[in-house]
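First the structure, in the form of C-alpha cells, and then the observations on it.
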Amino acid sequence: MEAHGSGLCRVLVLAFCVAGIWSAYIYQGVLQETLSTKRFGSDEKRFEHLSFLNLAQNVVCLIWSYIMIKLWSSRSTVGAPWWTYWSAGITNTIGPAMGIEALKYISYPAQVLAKSSKMIPVMLMGTLVYGIKYTFPEYLCTFLVAGGVSTFALLKTSSKTISKLAHPNAPLGYGLCFLNLAFDGFTNATQDSISTRYPKTSAWDIMLGMNLWGTIYNMIYMFGWPNGTGYHAIEFCRQHPEASWDILLYCLCGAVGQNFIFLTISRFGSLANTTITTTRKFVSIVVSSMLSGNPLSSKQWGCVVMVFSGLSYQIYLKWRKLQKLQRKRKTT
C-alpha cells in the first residue's frame, strides 16, 4: 500500500512537471510569435528589437536564480566561481539572439523545426573532427530530422504567413537558426566542463552565472553607445505599454519553465526532460497553426511528423541504452 502511494505520488509529480513545462514554454512561444509579428498601437509599428528579449530574459532569470539560491541552497556548498562562465556567456548571448532574430525571416513553426535539429551539427562535428562512429539507427534519426527540416524549408510558405513576417528571407532565417545551434553546442559543452570541475555547482549556480554574464554582454551591446538598440526598445515599450506587458510575461514564462526543467531532471533524469520538451515543441507548432493563423499544408505537416518521428526514435534509442547500462550495473 505504501509503495502504491509513493508510485502515485511520483506519477502526480511527473504530471505536474509536464503541465508546468508545456504551459510555460508553449505560452512563451505564443508571446514570442506575437512580439515578432504583431503591429502595436494606432501607428501599427512592429517590435523590431527582438534581441532585447534576451536582455530582459537575462535580467529576470538573474534575479530569479539569486532568490532561489538564497531560499534553497545550503551555505556549506560552494559552486563554480562566477567568472568561470564568461566564455559560455558569450555564446549563450549570441546564440539565442540569432534564434530570435530568425523570426523576422521565417515563421515560428519553421524556427521550432530548425532548432529541433540539434543532433545534425553534433554528429557532423563528432564525425569530421573527433572521428566518432555512429550506429545505423543514429544515422536514421539524423536523416529523418535533416530530411524533414530541409523539405519543410523548400516547400512554399503560405502568403498569409509570409505577410506577417517583417523581412521574409528563408535562407537567412534558417542560417541564423543553425548558427544558434552551433553556439548552443559550445555553451552546453562549457557548462558540462564547469560542472565536472566544480561538482558542487547547482543548477541555480549555473543559471545565475550564465545570466549574469548574459546581462553584462547584452547591456554593453545595447546601451554601450548613444544610438544603441536598447534605447530604441525602451522607447518603443514606453509608447506601446502592451508590448512591455508581453515582454514581462515572456520572461516570467522562461524563468518558471526553467524551474520545472530543473525539477524534472532532479526527480526523473535528463531523458524524461528531453521527452517532455520534444513533445512540447510539436504541440507548440500545432498551437501556432491554430491560434496564430499559420496554416501548414499537408506536405508541411508530413515534414513535421518526419522530424518528430526522428526525435522520438532518438529518445527511444537513449532509453534502450540506459536500460542496458542499468542491467549491467545490476549484474556486476
To the closest 0.5 Å, what do you measure between [atom1] ([X]) and [atom2] ([Y])?
X	Y	atom1	atom2	value
T215	I220	OG1	CD1	11.0 Å
L140	Y313	CG	OH	6.0 Å
I276	I21	CD1	CD1	4.5 Å
N58	L53	CG	CG	11.0 Å
S309	L144	OG	CG	6.5 Å
I67	W204	CD1	CH2	10.5 Å

Less than 4.5 Å apart, any side-chain heavy atom of [X] and any of [Y]?
X	Y	result
V304	P109	no
F52	L55	yes
I206	I194	no
V13	F268	yes
V145	M306	no

Set of side chain to side chain donor-acceptor pair (under 3.5 Å) partners for [X], sequence neighbours left out:
X	answer
S202	D205
N54	none
H240	D43
Q57	Q28

**Message:** According to side chain to side chain donor-acceptor pair (under 3.5 Å), does anything in residues 81-98 pair up with another residue at least two apart or in another chain? List the pairs.
**Reply:**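 Every pair satisfying side chain to side chain donor-acceptor pair (under 3.5 Å) with a residue in residues 81-98: T91-T187.
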All side chain to side chain contact (heavy atoms under 4.5 Å, CB included) counterparts of [X], not counting sequence neighbours:
X	answer
L179	M98
S244	C237
F178	S117, V149, Y174, L181
E44	R39

**Request:** Please list all pairs passing the salt bridge (charged side-chain N to carboxylate O under 4.0 Å, His left out) test where one or both residues lie in residues 240-255, with sequence neighbours left out.
**Result:**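 Applying salt bridge (charged side-chain N to carboxylate O under 4.0 Å, His left out) to every pair that reaches into residues 240-255, excluding sequence neighbours, yields K38-E242.
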Taking all atoms of both residues into account, what is the closest heavy-atom pair of [X] and [Y], and its distance?
X	Y	answer
I106	A170	CG2-CA, 3.7 Å
S51	E101	N-OE2, 3.5 Å
N180	P96	OD1-N, 3.6 Å

**Message:** For Y139, I'd like to know if atom OH has over 12 heavy atoms of other residues, nucleotides or ligands within 6.0 Å.
**Reply:**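 Enclosed.
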**Request:** Kindly determine whether E138 and T135 satisfy side chain to side chain donor-acceptor pair (under 3.5 Å), including the steps that lead there.
**Result:** CA-CA 5 Å; E138 287 172 325; T135 62; 3.3 Å; yes
**Item:** Counterpart residues, ring-ring contact (aromatic ring centres under 6.0 Å, His included), relative to F223 (two or more places apart)
**Value:**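 Here the qualifying residues are Y231.
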Exercise answer: donor-acceptor pairs, residues 250-263 side-chain atoms, under 3.5 Å, sequence neighbours excluded:
residue	atom	partner	partner atom	Å
Y250	OH	Q32	NE2	3.4
N259	ND2	A255	O	3.0

**Message:** Could you check, using the six-membered ring where one of them is a Trp, whether F47 and F236 have ring centers closer than 6.0 angstrom?
**Reply:**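 Yes; F236 has its ring centre under 6.0 Å from that of F47.
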